[in-house]
Amino acid sequence: MHVTGTVGPGSPVVELRGAAVGYGDRPVIRDIDFTLTAGEVVVLLGPNGAGKSTVVRGILGLAPLMAGTLSLFGVPADRFRDRHRLGYVPQRHTIVGGVPSTVTEVVASGRLALRRPFARLRPHDREAVAAAIGVVGLSDRSGASVATLSGGQQRRVLIARALAAEPDVLVMDEPTAGVDAANQEILAATLQTLVQGGRTLLLVAHELGPLERMVQRVAVMRDGRMTYDGPPISGGDGAYHRERQGHVHHLDLGRRAELGLGLTGDTR
Amino acid sequence: MTGELLQYGFMQRALIAALLVGLTAPSVGVYLVQRRLALIGDGMGHVALAGVALGVLTSTQPVLTALGAAVAGAVAIELMRASGRSSGDVALAIMFYGGIASGVVLISRAPGGTPANLNAYLFGAITTTSRADLVVFAVLAALVLLATLGLAPRFFAVSNDEEYARAAGLPVLGYNLLLAVITAATVVISMRVVGLLLISALMVVPVATAQLVTGSFRTTVLLSLGIGLVVAVGGTAGSYYADTPSGGSIVVLAVATFAVTSVATRLRSALTRRTREQPGPVPG
Ligand SMILES: Nc1ncnc2c1ncn2[C@@H]1O[C@H](COP(=O)(O)OP(=O)(O)OP(=O)(O)O)[C@@H](O)[C@H]1O
Ligand SMILES: [Mg+2]
């Protein structure tokens with residue numbers, strides 16, 4: 001399960017500096033400094049409309065960068081060509097199109113960026129697709145039409161689609177929304193496996209829930225700005241807003257160790 | 001009977017043209033249905049009519065001028081959609097109606113341009129396919145099928161979730177433009193036998209019929225190609241015997257196939273529900 005190029009643990013995979021991202025000509029988020037390091041699990045928290053999805057969409061090139069810089073795997077975003085190294089699970093999804101399609105067909109579309117046009121599916125592609133479906137526990141439904149799946153199962157199909165490209169970094173916009181408690185646990189376990197396999201995760205959520213165990217860093221958005229960036233604090237969402245004293249962007253390693261977080265990369 | 005049908009050159013050409021359009025129309029239409037843009041082919045037919053009129057006026061091959069107009073219209077539509085302007089919908093309407101209106105006006109001014117002549121372009125006629133037309137249709141159909149079948153996974157991904165395809169680094173605008181251009185080409189392939197006002201039906205109805213009974217994209221494509229082929233060739237042959245416009249006959253046949261399939265699938269699911277509710281033989 002490895003894609004071209006390696007990312008050493010601890011090297012930045014996503015780096016936003018003074019970034020503004022928006023829609024039309026109106027920036028929605030401003031002055032964002034954010035670094036995601038290889039091997040990390042970071043959760044982006046914040047109320048509705050805070051700009052979490054906009055940050056994610058900016059990173060993925062779906063919303064324009066209006067100020068500042070973005071680099072991916074150390075390469076400026078506009079020169080970055082290996083977009084398949086970033087897996088994306090969107091928040092809202094129109095998984096059911098006008099024509100029936102099976103779980104396998106949708107998940108296989110996640111693998112396209114790795115295939116050349118007109119090329120046939122190679123055995124390795126099929127294996128990766130089947131493995132991704134297995135990871136989200138839908139192997140027994142792989143031939144089913146996605147229209148016959150429940151909302152939570154459809155969300156898992158989209159996670160499998162992102163996994164099919166065997167990305168180094170997974171960006172998931174609210175993977176736990178609309179998923180019941182039992183399946184949130186299963187999802188958390190799945191994500192844990194991925195992290196152990198060397199993946200980097202950036203997750204958007206409203207609350208940590210079962211993700212709490214694996215999260216090393218939390219970034220909090222509010223009104224288009226990042227108001228907190230540091231280790232998770234117990235005491236719920238409110239705690240992050242009380243702790244507002246400026247950006248805590250770069251925790252030095254000493255403080256990390258003190259907090260018992262360990263260094264990035266030692267999760268595997 | 002088949003022998004009689006095939007002894008006329010015009011009928012041979014009409015049947016070959018029907019075969020080509022019967023295969024290409026659903027292969028493009030499946031992506032239009034997937035994006036819920038089922039009516040876009042209709043609009044391109046309107047625009048193509050302006051091209052036909054231009055061809056008639058300047059006595060150029062109308063098939064080629066229609067191709068030019070439809071491709072230009074298709075690219076304009078796609079760029080408008082990509083820019084995401086909210087006025088895009090109205091702009092499309094203006095373009096479509098501008099196309100058909102200017103087509104009608106221009107054709108009426110053409111030497112020998114009569115409404116009967118216009119009808120053949122709008123609703124199809126079996127006597128109009130020329131040898132030169134067939135060459136153009138065959139080349140276009142080959143290119144369209146090469147793209148729709150060869151690039152099927154890509155068109156599927158882009159049509160299924162455009163934003164995801166973009167995030168994965170696929171050249172989404174390029175694929176959208178290509179799909180628009182092959183839709184235009186299909187409209188042109190249709191202009192002799194099916195007609196510019198009815199081609200959209202042949203793109204959409206076989207797909208709608210197929211998906212009543214399929215659960216996967218792949219089988220939907222294959223089945224809709226089969227249905228398209230049968231109704232196009234069958235409708236063309238039927239129009240010879242019934243002396244009706246071929247486009248109308250093809251589409252009536254397609255819609256009838258849809259209706260029968262739809263009723264049959266409903267009956268079947270109602271029956272299975274009943275047998276499940278009351279084990280044992282179904283009464284009545
Ligand atoms: N496509 C868009 N065009 C214009 N404005 C948008 C668009 N999408 C989001 N916005 C605006 O950007 C702001 C931030 O939205 P965003 O989707 O990033 O919030 P969020 O934190 O993800 O919220 P939620 O928890 O509801 O998903 C909102 O004020 C919203 O109105
Ligand atoms: Mg959001």
Side-chain angles (χ1 to χ4, degrees), chain A residues 23-24 53 56-57 59-63 72 80-121 125 142-148 157-158 161-162 164-165 167 171 173, chain B residues 26-40 83-86 146-172 174-175 178 203-204 206-224:
Chain A
Y23 305 95
S53 296
V56 161
R57 293 165 52 82
I59 292 171
L60 290 158
L62 298 172
L72 302 168
F80 184 69
R81 289 289 164 269
D82 297 332
R83 289 241 164 234
H84 59 86
R85 294 177 71 183
L86 293 166
Y88 174 44
V89 181
Q91 178 177 12
R92 270 174 274 288
H93 43 77
T94 46
I95 182 170
V96 180
V99 175
S101 43
T102 64
V103 170
T104 300
E105 286 173 331
V106 172
V107 173
S109 71
R111 189 125 189 116
L112 273 184
L114 297 172
R115 293 168 54 197
R116 266 194 253 135
F118 296 106
R120 296 186 64 88
L121 215 60
D125 294 319
S142 61
S145 167
V146 287
T148 64
V157 172
L158 293 188
R161 178 178 69 177
V171 182
D173 201 343
Chain B
S27 84
V28 174
V30 72
Y31 300 108
L32 303 181
V33 172
Q34 196 185 11
R35 299 160 172 238
R36 307 182 197 280
L37 286 175
L39 293 176
I40 211 91
S83 79
R85 296 229 178 82
S86 51
L146 181 70
T148 54
L149 301 181
L151 294 172
R154 270 146 215 275
F155 281 127
F156 172 80
V158 171
S159 308
N160 189 55
D161 189 342
E162 192 168 307
E163 181 168 80
Y164 179 80
R166 190 168 291 132
L170 292 181
V172 171
Y175 282 112
L178 182 58
M203 291 184 185
V204 172
V207 178
T209 311
Q211 68 185 8
L212 288 173
V213 295
T214 56
S216 79
F217 191 79
R218 197 187 143 81
T219 50
T220 306
V221 170
L222 295 177
L223 185 57
S224 64

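Below, chains carry the letters A, B, ... as their sequence lines are ordered, and counting in each starts from 1.
- In this structure a side-chain-to-backbone donor-acceptor pair under 3.5 Å is present from A:Arg111 to A:Ala164.
- The candidate from A:Ser109, A:Gly87, A:Gly143 with the greatest count of non-hydrogen atom pairs under 4.5 Å with chain B is A:Ser109.
- Neither the backbone nor the side chain of B:Arg35 comes within less than 4.5 Å of any heavy atom of chain A.
- Chain A forms the most heavy-atom pairs under 4.5 Å with one residue out of B:Ala210, B:Gly150, B:Ala167, B:Gly169, and that residue is B:Ala167.
- Taking the ring centroids of B:Phe217 and B:Tyr31, they lie under the 6.0 Å cut-off.
- Closest non-hydrogen pair, A:Val157 versus A:Val107, comes out as O-CG2, 3.9 Å.
- Using a 4.5 Å cut-off between heavy atoms, A:Val106 contacts chain B through both its backbone and its side chain.
- Proximity to chain A involves both the backbone and the side chain of B:Ser216, based on heavy atoms less than 4.5 angstrom apart.
- In terms of heavy-atom pairs under 4.5 Å with chain B, the best-connected choice from A:Gly61, A:Gly98, A:Ala144, A:Ala108 is A:Gly98.
- In this structure, chain B has heavy atoms under 4.5 Å from both the backbone and the side chain of A:Leu112.
- Donor-acceptor pairing under 3.5 Å is lacking for the side chains of A:Thr148 and A:Ser145.
- Looking only at distances, no side-chain donor or acceptor of B:Ser159 sits under 3.5 Å from a matching main-chain atom of B:Phe156.
- For A:His84 against A:Ala113, the heavy-atom pair with the smallest separation is CB-CB, 3.7 Å.
- Proximity to chain A is limited to the side chain of B:Val207, based on heavy atoms less than 4.5 angstrom apart.
- Between A:Pro90 and B:Glu163, the closest heavy-atom pair is CB-OE1, 4.4 Å.
- Within the 4.5 angstrom heavy-atom criterion, only side-chain atoms of B:Tyr175, from C-beta onward, approach chain A.
- For B:Arg36, the part lying near chain A is the side chain, with the backbone staying farther off; criterion is any non-hydrogen pair under 4.5 Å.
- Contacts between A:Arg57 and chain B at a heavy-atom distance below 4.5 Å involve the side chain alone, from C-beta outward.
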Query raised in the report: Can you list the steps and then say if B:Tyr164 with A:Leu158 is a side chain to side chain contact (heavy atoms under 4.5 Å, CB included)?
Result: CA-CA 10 Å; B:Tyr164 179 80; A:Leu158 293 188; over 6 Å; no
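- For B:Leu151, the parts lying near chain A are the backbone and the side chain together; criterion is any non-hydrogen pair under 4.5 Å.
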